[in-house]
Every structure is written in structure tokens, then in C-alpha cells.
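Keep in mind that what you see is a predicted model, and the values were worked out from it rather than measured. Below, read A as the first sequence line, B as the second, and so on, with proteins coming before strands; counting in each chain starts at 1.
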Number of protein chains: 2
Amino acid sequence: MISLDHVHDPKPEDFPSELEGLRMTKQRREVLAVILGERDHPTANDVFVRAKDRMPTISLATVYNCLEALVSHQIVRQVNFERESSRYCPNLSDHCHFQDEESGKIHDVVFKDGVKLEDFLELPQGTEISHLEISLKGQFGTQK
Amino acid sequence: MISLDHVHDPKPEDFPSELEGLRMTKQRREVLAVILGERDHPTANDVFVRAKDRMPTISLATVYNCLEALVSHQIVRQVNFERESSRYCPNLSDHCHFQDEESGKIHDVVFKDGVKLEDFLELPQGTEISHLEISLKGQFGTQK
DNA sequence: ATCATAATTAGAATAATTCCAAATTTTGGC
DNA sequence: GCCAAAATTTGGAATTATTCTAATTATGAT
Ligand SMILES: [Mn+2]
Ligand SMILES: [Mn+2]
Ligand SMILES: [Zn+2]
Ligand SMILES: [Zn+2]
């Protein structure tokens, strides 16, 4: 697993020409830079609008193509809340998502130390989990 | 909270004329009977097709209206897997969903006894959770 | 029965995403 | 560097789940 998590305000040039076996084209770099730059879980359209700032010729289809490439190579994560449009998250560590219903903002939520999913769920023996998504909504705590 | 969970192969007539403050119209009864009858987490269109058997005049718009009414009155639950169409579940007890990638079938998964969400997640103090969805995908265990 | 309100219906509209076919860019071999 | 093949990008069309609209029908209260 790569670790791009610490890269704040990244420039597209910061990325090598290949990542996780995926060719890093100009557009893919730009899309990745957008997602790493402001970690607010943007939608595809958000990414499109932001990417156009530095790359006015990029198309929405390309943004979707890039997102799909980045997700399938596990460079970014796709995040879903019910039937809302998908959002994208550069945090590759184990975590889930909480949406504050007042602000609409999405927060990363990490698991407590040492907890394993199997400790929580009655899963039949031999179950192999390939994908897990936990999404919460509610009122974010005022205190930190 | 009502408990319709034990009702197997229900007839629309089994339901009272009002449930959880919701008027039980012919169509709402039929939609609910479909969801309780075969507990395979049908999509809206699945429900529509099945409902038409006994009520050939029902419309898809009505199925959507009924589902929205039943969900908002907490008589059934809406279940989402990534960007797939929503599915509907009559099990009102606390549980989450596992989709077997081989068969596509969705299984209810219950939480182990006594576990609380706050034991698993680093949530800021004062967080109020109004909605929670946990969706898993993978290979279902061959052994029971 | 009358009236007001709520629910149903068919079809149109919406919107996120995917598909398509053409144009462009990149790559690797020479 | 030049060329052919392969990969990527692009604009626009297509898809599809869901929502909306406006007309019709059913319900419940008086
Ligand atoms: Mn995912
Ligand atoms: Mn829900
Ligand atoms: Zn995240
Ligand atoms: Zn269920």
C-alpha cells in the first residue's frame, strides 16, 4: 500500500509516473492532486470543477475515468452515503465516514485500537470480506 | 417499534388499517406483504413485479411512493450497496448486510451480543447518530 | 351525499454515471 | 527520431434509478 496521506497541498508533479501499476497521466495526477489537496470528500463533479482551475481542458468523462482508475488501483477510496453521489477519499487507512447532517460535511472516523470486525458481527465461519463500508449520519459533537 | 418480523407469507389483509401512524392503503399493504413474503431484499422494481401478480393495476410510481412511506414510518428499512439500486428489508432489528459476490444474495448479519457502536469507533464526544449503514461484500462461508 | 384531503397513476423530467466512437497522446521497437 | 500499436482523453449520446407533475380516484369526516 502506498502512503500519500501525509502529502498536503500536493502538486501534480509530486507524483511518480506510475503508481500501484497505474500510469500517472497528466489528468490522473491532477485528479489525485485535487483529492489530496482538499480532503473534504468531493464528488466527481466537485473534482471536475476544481481540476478545471489548473487544467481547463479536462472533461467530466475523463474525471470519471480517472476516478475509476484510481479507485480500482486502490489509490483513492470511493465513499457512498445512501443514494447520494459518490465521494472520494484519499485516506487509505482503515476508517469509516460520518456525515454531519447540519453542515453536510463528512468526517473520517477511525476504529478503536485493536478492534476487529469479526468481534462485532455474527458472521458464518469461512466468510471472506472483500469490501466493507460503514456510513453514519447525525449531529457531530460540538466538543472535540 | 412494531414487530412484523415473525409474519411469514403474510396476506395484505393481515395488516391493520393503520400502522405507525401510516394509513395502510391497498397498495401499501400489498407492497408490505411482498417485502415480508420473500425476504430477499428486493429492489423497487422487484417489488413492483411481484406486487403486480396480485394487483395488476399497481404502478411503479406507487411502489416508490409506498416504499418511501413505509421507510419513513420505519416499517421497512432501505438497504444500499454502493451505487446499486436500493433494496428493502423488513427486519427491523439491529443488523447489517452482507452480499455474497458469487450469488448476489444478501444476508442479514447481526451484531454480537452486547456490542455497542461506540466501543468500535473513535467518535467525538456528543456525537448523535441518527442513521447507520454497514454493508459488506465477499464470499459467504460454505459452512453454516 | 358533500366536501376536503390524501393516495394513486401514467408519463415526463432529472441527474449521476456509463458508453461510444473519434481524436490525441504515449509507448516501445526499430 | 519515426512509426505502428496501445492507451487515454474527449464530447456527446445513452442509460437508468428515482423523482416530479398534473390529472384521477379513493378515503374519511361531517
Ligand atoms: Mn468501495
Ligand atoms: Mn436508510
Ligand atoms: Zn475518508
Ligand atoms: Zn436486512
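Going from atom CD of Glu82(B) over to atom C1' of dT18(C) covers 16 Å, rounded to whole Å. Rounded to whole Å, the distance from CD on Glu30(B) to C1' on dA7(C) is 16 Å. Here dA16(C) presents its P atom at 17 Å from CZ of Phe81(A), a figure rounded to the nearest Å. When rounded to the nearest whole Å, the span between CD1 of Ile58(B) and P of dA7(C) equals 14 Å. In this structure, Phe48(A) places its CZ atom 14 Å from P of dT17(C), rounding to the nearest Å. The CZ atom of Arg29(A) sits 11 Å away from the P atom of dT26(C) (whole-angstrom rounding).
Residue Thr62(B) is classed as a base contact, given a heavy-atom separation below 4.0 Å to a base.
For Asp100(A), the salt bridge (charged side-chain N to carboxylate O under 4.0 Å, His left out) test picks out no residue, with sequence neighbours left out. Judged as a side chain to side chain contact (heavy atoms under 4.5 Å, CB included), and not counting sequence neighbours, the contacts of Thr25(A) are Arg23(A), Gln27(A), Arg28(A). Partners of Arg87(A) by side chain to side chain donor-acceptor pair (under 3.5 Å), not counting sequence neighbours: none found. Applying the salt bridge (charged side-chain N to carboxylate O under 4.0 Å, His left out) criterion to Glu68(B), with sequence neighbours excluded, gives no partner residue.
Taking only side-chain nitrogens and oxygens, Thr25(A) comes nearer than 4.0 Å to OP1 or OP2 of dT9(D). Using a 4.0 Å cut-off, no side-chain N or O of Gln27(A) falls inside it from OP1 or OP2 of dT25(C).
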Could you run through nucleotides 17-26 of chain D and give me one letter per nucleotide, 5' to 3': B if any protein heavy atom sits under 4.0 Å from the base, S if only the sugar-phosphate is that close, - if neither?
SBBB------

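Under 3.5 Å, the side chains of His107(B) and His97(B) contain no donor-acceptor pair of N or O atoms. With no hydrogens or angles considered, a side-chain donor-acceptor pair links Asp46(B) and Thr43(B) at under 3.5 Å. Using a 3.5 Å distance cut-off with no hydrogens or angles, the side chains of Arg77(A) and His95(A) do pair a donor with an acceptor.
Nucleotides of DNA chain C nearest to Ser59(B) and Leu22(B) differ in position, and the one nearer the 5' end is that of Leu22(B).
For the atom pair Leu60(A) CG and Lys52(A) NZ, the distance stands at 8.5 Å (nearest 0.5 Å).
In the helix from dA1(C)-dT30(D) to dC30(C)-dG1(D), the terminal helix axes, each the rotation mapping four pairs' C1' atoms onto the next four within five end pairs, subtend 30°, rounded to 10°.
Salt bridge absent: Glu84(A) and Arg83(B) never bring a charged side-chain N and a carboxylate O closer than 4.0 Å.
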